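First the proteins, then the strands, lettered A, B, ... as listed; each starts at 1. Keep in mind that what you see is a predicted model, and the values were worked out from it rather than measured.
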Protein chains: 2
Amino acid sequence: MVKRLDDNDLASIDHIGLALWRAAHDWRHRMRAELAARGYPWHESAAGEVLAHLGPSGISQALLTERMGLSKQAVQQLVDQLEVLGVVGRAPDPHDGRAKRIVLTELGLADFAERNKVKRLIEQQYRDKLGPEAFAALEAALARLAQ
Amino acid sequence: MVKRLDDNDLASIDHIGLALWRAAHDWRHRMRAELAARGYPWHESAAGEVLAHLGPSGISQALLTERMGLSKQAVQQLVDQLEVLGVVGRAPDPHDGRAKRIVLTELGLADFAERNKVKRLIEQQYRDKLGPEAFAALEAALARLAQ
DNA sequence: CTAAATCGTCAAGTCGCTTGACTAGCACGG
DNA sequence: CCGTGCTAGTCAAGCGACTTGACGATTTAG
């Protein structure tokens, strides 16, 4: 036996979970990097996640908290950052004196539009790489798993 | 119009990247929770990731660092935690006075075995949910994406 | 109309990682 | 065989992304 490699016993780590993990991170990385390159650098930080839950009609901070699955304090901090950057603003909710609505500024709306473009771009890259049938199969399998 | 929902404009967020993200996190969560439930709670913390790169024959800290894609200090801290817990130990490398080998203790070896069991279990859950063809298609698509 | 729940805020702490500064051992060209 | 530089590991400090705790201001329920 010439040489026993360190990782002889690591064949076991190459499972589908790892493949999923890598694919998810690849997607995330492409998305964040592309948006940062296009002039929306906050997508490189955690605050960018907020924008994934925020459309032109705005959202209450409480609902945002629920959707993001974080503590309300965490969400508050992320929104604070975006507010400083001028991407979102806070407006009082007319129907509830406690609540505030998070709304997109003009810059935020531009970000929203760009995000959709980039999403389609990366989806197309994946489709090109896999072919349309395999891409559809992937989508279907993931949807099935999510149920 | 009865009611305009907050998320009318959020249809765009439901893309394949998100599905991948969720699937990856589901896998990770099942893995960690199951291992924790079986008496290996460190898989709930970042230190558990170390064990994914560590087999019975051990590994040098430097190589581990390279594999994990973290700074050497980060890896050191994670290994420290596992050492305190008695899962791994540090042995001097006979061929290199600077290096130390990270090796599994008896507890670590039990963890290694359990990890493989759980991995197979969860893979089987996924296979059951998808059916063998779709599962194979998912594996193939993910492998293709990783290239 | 009071009691409880909800919305948001301020403060402090934890976890997972990073960068910086350092020591001990190895490698190699002169 | 020796110094110059590279590599393995350690110690310390700090930062980002969260958490928990405590709180005032509303709204809702009984």
Undergrad: Please identify which of these residues, L78(A), V79(A), D80(A), meets the side chain to side chain contact (heavy atoms under 4.5 Å, CB included) condition with Q76(A).
TA: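 Exactly one option meets the side chain to side chain contact (heavy atoms under 4.5 Å, CB included) with Q76(A), and it is D80(A).
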Undergrad: With rounding to the nearest 0.5 angstrom, report the CD to CD distance, E34(B) to Q125(B).
TA: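 Taking CD in E34(B) and CD in Q125(B), the distance rounds to 7.5 Å.
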Undergrad: On a heavy-atom basis, which atom in D111(A) and which in H43(A) lie closest, and how many Å separate them?
TA: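 For D111(A) and H43(A), the tightest heavy-atom pair comes out as OD2-NE2, 2.7 Å.
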Undergrad: Tell me every residue that passes salt bridge (Lys or Arg N to Asp or Glu O under 4.0 Å) with R120(B), counting only those two or more places apart in sequence or in another chain.
TA: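 R120(B) satisfies salt bridge (Lys or Arg N to Asp or Glu O under 4.0 Å) with no residue once adjacent residues are dropped.
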Undergrad: Can you sort out which residues in residues 36-46 of chain A have a heavy atom within less than 4.0 Å of DNA chain D? Ascending by number, please.
TA: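 Listed by number, they are S45(A), A46(A).
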Undergrad: Measure CG/D96(B) against P/dG9(D) and give the value in whole Å, please.
TA: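 Whole-Å distance recorded here is 8 Å.
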Undergrad: Strictly below 4.0 Å: does R90(B) bring a side-chain N or O up to OP1 or OP2 of dT10(D)?
TA: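 Yes.
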Undergrad: State the OH-CZ distance between Y126(B) and F135(B), to the nearest 0.5 angstrom.
TA: 9.5 Å
Undergrad: Describe the nucleic acid contact of D93(A) in one word from base, sugar-phosphate, nothing, applying a heavy-atom distance below 4.0 Å.
TA: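 Touches nothing.
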Undergrad: Looking only at side-chain N and O atoms, does Q61(A) come under 4.0 Å of OP1 or OP2 in dT9(C)?
TA: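 The answer is yes; a side-chain N or O of Q61(A) sits under 4.0 Å from OP1 or OP2.
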Undergrad: Looking at five pairs on each end of the helix from dG8(C)-dC23(D) to dG30(C)-dC1(D), what is the angle between the two axes, given to 10 degrees?
TA: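 Here the local axes at opposite ends form an angle of 10°.
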Undergrad: Atom CG of L64(A) and atom P of dC18(D): how far apart are they, to the nearest Å?
TA: 12 Å
Undergrad: Answer yes or no: is there a donor N or O on one side and an acceptor on the other, between the side chain of T105(A) and the main chain of V87(A), under 3.5 Å?
TA: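 Yes, T105(A) side chain to V87(A) backbone: donor-acceptor pair under 3.5 Å.
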Undergrad: Under 4.5 Å between any side-chain heavy atoms of L70(A) and T65(A), yes or no?
TA: no
Undergrad: Whole angstrom is fine here: how far is it from NZ in K100(A) over to P in dT26(D)?
TA: 11 Å
Undergrad: Rounded to the nearest angstrom, tell me the gap between atom CZ in R101(B) and atom C1' in dG9(D).
TA: 15 Å
Undergrad: Sequence neighbours left out, what pairs pass salt bridge (Lys or Arg N to Asp or Glu O under 4.0 Å) with at least one residue falling in residues 46-63 of chain B?
TA: R28(B)-E49(B)
Undergrad: Restricting to salt bridge (Lys or Arg N to Asp or Glu O under 4.0 Å), what partner residues turn up for E44(B), sequence neighbours left out?
TA: none
Undergrad: Can you list, in residue-number order, the parts of residues 69-84 of chain A that come under 4.0 Å of DNA chain C, counting heavy atoms only?
TA: K72(A), Q73(A), Q76(A), Q77(A)
Undergrad: If you take atom types as modelled and just measure distance, does the side chain of R98(A) reach the base of dT27(D) with a donor-acceptor pair under 3.5 Å?
TA: no
Undergrad: Which heavy-atom pair separates P56(B) from L104(B) by the least distance, and what is that distance?
TA: N-CD1, 3.9 Å
Undergrad: Please give, in whole Å, the distance from dC7(C) C1' to I102(A) CD1?
TA: 11 Å
Undergrad: Out of the candidates K100(A), R101(A), R90(A), only one should pair with Q61(A) under the side-chain hydrogen bond (donor to acceptor under 3.5 Å, both in side chains) rule; please name it.
TA: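 One option only clears the test, and that one is R90(A).
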